[in-house]
Amino acid sequence: MRLICLTYAGGNKYSYRNFMPYLSEHIEMITLELPGRGTRMLEDLITDLDVLTDDLFRQMQAYLDKDYVLFGHSMGAMLGNLLLHKLRDEQQRLPQLFIATGCPSPEKRGLKTKIAQLSNAAFQQEIIKLGGMPDEVIQNQELLDFVLPVLRSDIKAIETKVYEQNTPYPVPIKAFCGTEETTKEADLTGWQLETSKEFSFEFLEGDHFFILNHLEKITEIINNYSVEKPVVL
C-alpha cells in the first residue's frame with residue numbers, strides 16, 4: 001500500500017515528512033517532486049498545470065503496481081484532480097481515495113484573487129498571510145529570495161489554469177479546508193462534479209496550512225483505507 005503525495009505551491013518532496021510517524025508501518029509514502037525545486041532544482045520551473053500533470057503522470061508509472069491513496073494540498077489538490085482524469089483517460093490504475101485539502105473545487109479555484117503578477121514586496125506579503133511559512137524563512141531575506149520564485153511560478157500556473165469539466169472518475173473524494181481560510185462551503189461542493197463515487201467535505205480548525213495541526217486525523221483516514229479494496233475501472 002502506498003500514499004502518493006502531491007506538493008503544494010513552493011513545496012518539495014520533503015513537505016509532508018511530518019505525516020510519516022502517524023502512518024501504518026505497511027504504508028509506503030512517496031511525494032512526487034516537481035521541476036525546479038528540491039532534488040530537481042537544476043531543472044526549469046514550469047508555469048503550466050497541464051505540463052506539470054504530464055510530468056506527474058510519467059512519475060506515477062513507477063508506483064502503479066500497488067494499491068494507493070492520493071493526497072494533495074492546495075496546488076497539489078488541483079494537480080491531483082488533473083492527474084486522476086489523465087490516469088482514467090489512459091486506463092491506468094486509480095487510487096482507493098483522493099484526499100484534497102486546502103483547495104476550493106476546480107471550477108471555483110480560478111476565480112480567486114490573483115497575486116502572481118504583484119510586485120516582489122506585495123507578493124511576499126500575500127504569501128506570508130497564507131500562514132505555514134516558518135519564521136526562520138520569513139525573517140531571512142536570503143531564504144525568501146530563494147523560495148519566492150518557486151512560489152510565484154507555481155501560483156502563476158494555478159491562476160492561469162482554465163477549468164474544463166471532464167467525465168467524472170470513479171474515485172471517492174474527501175475534501176478538507178481550514179476554518180480561517182476564505183474558502184466557504186459553496187467553494188467545496190463542486191468537487192462532487194469530479195467524481196462518480198462518494199464525496200464529503202469538512203472544515204478543520206486553522207489557516208491554509210491547517211493540515212500541520214491535524215496530522216493524526218488525516219493519516220487515520222489513510223490508514224483505514226489501506227485495508228480497503230482498490231478502485232477498478
Side-chain angles (χ1 to χ4, degrees), residues 5-18 31-53 55-56 72-82 100-163 175-184 186-188 203-215:
C5 299
L6 308 178
T7 189
Y8 44 82
N12 58 46
K13 68 182 297 182
Y14 304 108
S15 295
Y16 301 122
R17 60 187 180 277
N18 290 341
T31 301
L32 303 183
E33 188 86 285
L34 295 174
R37 74 211 66 207
T39 58
R40 301 178 67 183
M41 187 169 57
L42 297 181
E43 299 180 41
D44 292 336
L45 291 166
I46 294 174
T47 58
D48 186 317
L49 285 188
D50 292 323
V51 176
L52 288 172
T53 300
D55 184 280
L56 292 171
H73 181 72
S74 196
M75 182 181 76
M78 292 187 70
L79 286 169
N81 179 62
L82 293 170
T101 64
C103 186
S105 56
E107 94 285 4
K108 294 283 188 180
R109 186 62 184 85
L111 302 179
K112 296 299 181 182
T113 303
K114 295 188 168 38
I115 66 172
Q117 301 305 316
L118 293 177
S119 67
N120 287 340
F123 180 76
Q124 178 174 312
Q125 288 306 308
E126 288 297 322
I127 292 299
I128 291 172
K129 284 180 188 176
L130 284 175
M133 186 175 287
D135 288 340
E136 57 266 28
V137 175
I138 294 173
Q139 296 167 8
N140 187 320
Q141 191 60 48
E142 186 175 347
L143 281 176
L144 277 173
D145 290 342
F146 179 77
V147 171
L148 288 176
V150 180
L151 278 164
R152 190 185 289 275
S153 175
D154 289 347
I155 290 174
K156 182 179 179 181
I158 293 169
E159 293 178 346
T160 56
K161 173 62 181 173
V162 177
Y163 175 71
F176 296 90
C177 269
T179 55
E180 298 172 21
E181 295 192 79
T182 59
T183 303
K184 307 300 181 186
D187 297 320
L188 293 177
F203 285 90
L204 300 177
E205 185 176 354
D207 59 18
H208 185 56
F209 284 91
F210 66 93
I211 57 172
L212 299 176
N213 298 321
H214 298 278
L215 295 172

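Note that the coordinates shown come from a computational prediction; the quantities given were computed from them, not determined experimentally.
- Partners of Asp50 by salt bridge (charged side-chain N to carboxylate O under 4.0 Å, His left out), not counting sequence neighbours, listed by chain and number: Lys161.
- A distance of 6.5 Å separates CG of Asn18 from CG of Leu212, quoted to the nearest 0.5 Å.
- Scanning all heavy atoms of the two residues, the minimum distance from Cys177 to Cys103 falls at SG-N, 3.7 Å.
- When every heavy atom of Thr182 is checked against every heavy atom of Asp187, the shortest pair comes out as O-OD2, 4.1 Å.
- Shown here for Leu151 and Phe123, the closest heavy-atom pair between the two residues is C-CZ, 3.9 Å.
- Checked by atom type and distance alone, the side chain of Ser153 never pairs as donor or acceptor with a backbone atom of Pro149 at under 3.5 Å.
- For the residue pair Phe203 and Lys184, the shortest heavy atom distance occurs at CZ-C, 3.7 Å.
- The two residues Leu6 and Leu79 make their nearest non-hydrogen contact at CD1-C, 4.0 Å.
- Checked by atom type, the side-chain pair Asn120/Gln124 shows no donor-acceptor distance below 3.5 Å.
- Using the six-membered ring where Trp is involved, Tyr8 and Tyr16 have ring planes that are perpendicular, over 60° apart on the 30 and 60° scheme.
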field: Test log, rule side chain to side chain contact (heavy atoms under 4.5 Å, CB included), inputs Phe210 and Thr179
entry: CA-CA 8 Å; Phe210 66 93; Thr179 55; over 6 Å; no
If you look only at distance, which donor and acceptor atoms sit under 3.5 Å apart when one is on a side chain in residues 35-45 and the other is two or more places apart or in another chain?
from, atom 1, to, atom 2, distance (Å)
Arg37, NE, Pro35, O, 3.2
Arg37, NH1, Asp154, OD2, 2.6
Arg37, NH2, Pro35, O, 3.2
Arg37, NH2, Asp154, OD1, 3.0
Thr39, OG1, Glu33, OE2, 3.0
Arg40, NE, Glu43, OE1, 3.3
Arg40, NE, Glu43, OE2, 2.9
Arg40, NH1, Glu33, O, 2.9
Arg40, NH1, Asp55, OD1, 2.8
Arg40, NH1, Asp55, OD2, 3.3
Arg40, NH2, Glu43, OE1, 2.8
Arg40, NH2, Asp55, OD2, 2.8

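- Sorted by first and then second residue, the pairs that involve residues 121-131 and meet salt bridge (Lys or Arg N to Asp or Glu O under 4.0 Å), not counting sequence neighbours, are Glu126-Lys129.
- When all heavy atoms of His208 and Ser74 are compared, the pair lying nearest together is NE2-OG, 3.0 Å.
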task: Evaluate side chain to side chain contact (heavy atoms under 4.5 Å, CB included) for Asn213 paired with Leu204, printing each intermediate quantity in order.
output: CA-CA 9 Å; Asn213 298 321; Leu204 300 177; over 6 Å; no
